[in-house]
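Only one structure is covered here, and it is reproduced in the block below.
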Amino acid sequence: MRAVVIERYGEPAEVRDVPVPEPAEHGVVVRVEATGLCRSDWHGWQGHDQDITLPHVPGHEFAGAVEEVGSRVTGWRPGDRVTVPFICACGTCPSCAAGDHQVCERQTQPGFMHWGSFAQYVALDHADVNLVALPGELSFATAASLGCRFATAYRAVVQQGRVAAGEWVAVHGCGGVGLSAVMIAAASGARVVAVDVSAQALDLARAFGAAQCLDATSVPDTAAAVRDLTGGGAHLSLDALGSPATCAASVNGLRRRGRHVQVGLLPSPSGTTPVPMARAIALELELLGSHGMAAHTYPPMLELVRGGVLRPDLLVTSTIPLDEAPAALAAMGTAPGAGVTVIEPWS
Ligand SMILES: [Zn+2]
Ligand SMILES: [Zn+2]
């Protein structure tokens with residue numbers, strides 16, 4: 001099969017032939033029909049992710065059809081149209097037993113801990129726990145965004161952020177996950193302030209329901225601007241980019257007893273990121289993390305997608321063949337573009 005292979009961190013990946021994977025007895029192999037290009041893939045390519053060993057095939061948000069099934073899998077058959085959360089759970093540890101598959105103690109992440117979906121086939125563990133059936137009307141390209149960014153945004157806004165109609169929600173960073181969050185918060189009846197440095201991204205945020213847009217290149221203190229626009233601060237705020245500056249701006253833009261959800265990964269040489277904890281104490285803020293979304297919590301989100309309330313299809317702004325993936329991966333660092341790029345490994 002053809003796959004995007006990283007041999008050295010930060011050097012151009014190449015598309016070449018590698019062996020087709022075989023399923024574990026509890027796993028499946030999926031024929032990848034569409035796979036999203038995410039900033040986390042760029043972090044992995046840069047060497048920021050300690051789970052990766054080289055050579056490596058990235059890719060963690062995808063959709064396709066089951067090709068081959070392990071001997072102990074009971075719920076899936078070849079031909080089933082599926083996606084998975086990017087965090088695949090074991091199904092049996094204490095966290096899984098509590099329903100918290102997204103923080104499984106023995107999780108496996110395709111595209112990080114093993115070879116991922118920038119390939120024509122990908123192997124997945126514990127299929128009965130992790131596979132999500134796709135509604136027939138959902139295209140593979142649209143479904144590809146559900147595995148990481150859209151589901152991550154849904155969990156951050158709805159499950160962790162507990163968004164309520166009429167609240168102000170600030171979204172710092174309007175890449176794929178941020179735009180998804182804007183759409184989900186607006187569909188929940190919240191008033192959204194979108195913050196980004198790209199006019200193109202803010203145009204999309206406005207189209208997806210943002211009530212206010214802040215261009216961080218012309219607004220030096222975005223936290224103060226959010227507080228001004230929202231009559232004292234957002235009820236819920238997300239750092240959807242992942243940087244010390246956007247993390248602090250998100251926390252500083254909250255009103256009293258507001259909730260900050262950290263969604264974007266925060267790589268830093270020291271492994272820690274400064275957070276304005278004095279404000280967290282004085283205003284009784286809640287500081288939350290959000291880490292993927294468990295497969296068994298997908299159905300309410302899929303219902304909203306089926307009903308047209310949520311439109312992940314609108315996030316897909318470009319579709320490319322596998323041969324263009326290495327250059328697109330490299331470009332995520334400097335010019336991530338607006339919306340979601342989807343790779344089609346068979347085109
Ligand atoms: Zn991702
Ligand atoms: Zn587990």
Side-chain angles (χ1 to χ4, degrees), residues 4 6 24 26-27 32 34-46 48-49 51-52 56-63 83-118 122 124-132 141-156 173-181 238-242 261-267 289-298 312 315-316 325 328-329 331-333 336-337 339-343:
V4 174
I6 297 170
H26 52 68
V32 180
T35 178
L37 180 59
C38 174
R39 197 170 153 82
S40 305
D41 299 313
W42 179 83
H43 281 301
W45 174 62
Q46 285 287 299
H48 297 159
D49 194 308
D51 290 328
I52 292 175
H56 180 68
V57 175
H60 60 280
E61 55 174 15
F62 59 93
T83 187
V84 288
F86 74 92
I87 295 155
C88 287
C90 74
T92 49
C93 73
S95 292
C96 285
D100 294 327
H101 295 64
Q102 73 283 357
V103 290
C104 169
E105 291 155 36
R106 290 190 291 267
Q107 62 189 253
T108 54
Q109 300 180 10
F112 299 102
M113 297 169 77
H114 61 87
W115 282 16
S117 56
F118 287 7
V122 63
L124 301 166
D125 294 333
H126 302 290
D128 284 328
V129 177
N130 295 305
L131 263 53
V132 176
T142 301
S145 72
L146 297 179
C148 171
R149 280 167 283 191
F150 204 80
T152 296
Y154 186 87
R155 175 158 178 78
C174 292
V177 71
L179 287 173
S180 302
L238 275 62
D239 174 11
L241 175 70
V261 184
Q262 186 64 40
V263 186
L265 298 176
L266 285 160
S290 192
H291 191 241
M293 186 164 112
H296 69 88
T297 67
Y298 270 52
L315 294 162
V316 179
L329 176 65
M332 287 297 278
V340 169
T341 295
V342 166
I343 301 159

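Note that ligands are numbered from 1 as they come in the structure, with each ligand's atoms numbered from 1 the same way. Each residue takes its place number in the sequence, starting with 1. Nothing here was measured: the structure is a model prediction, and the numbers come from that model.
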Checklist line | Angle subtended at the Zn ion (ligand 2) by SG of Cys96 and SG of Cys93, nearest 10° | finding: 110°
Next item on the list: Determine the minimum heavy-atom distance between Cys148 and Cys38, stating which atoms define it.
Entry: SG-SG, 3.8 Å
Check: Given SG of Cys38 on one side and SG of Cys148 on the other, what angle do they make at the Zn ion (ligand 1), to 10°?
Finding: 130°
Checklist line | Test item: Asn130 side-chain N/O and Ala89 main-chain N/O as donor-acceptor pair under 3.5 Å | finding: yes
Margin query: Nearest 10°: the angle subtended at the Zn ion (ligand 2) by Cys104 SG and Cys90 SG?
Written below: 100°
Check: What is the ring orientation for Phe86 with His291, classed by angle as parallel under 30°, tilted 30 to 60°, or perpendicular over 60°?
Finding: perpendicular
Note to self: Treating Thr35 as the side-chain partner and Glu61 as the backbone partner, does any N or O pair qualify as donor plus acceptor under 3.5 Å?
What the structure shows: yes
Next item on the list: Among the N/O/S atoms of His60, select the one at the shortest distance from the Zn ion (ligand 1) and name it.
Entry: NE2
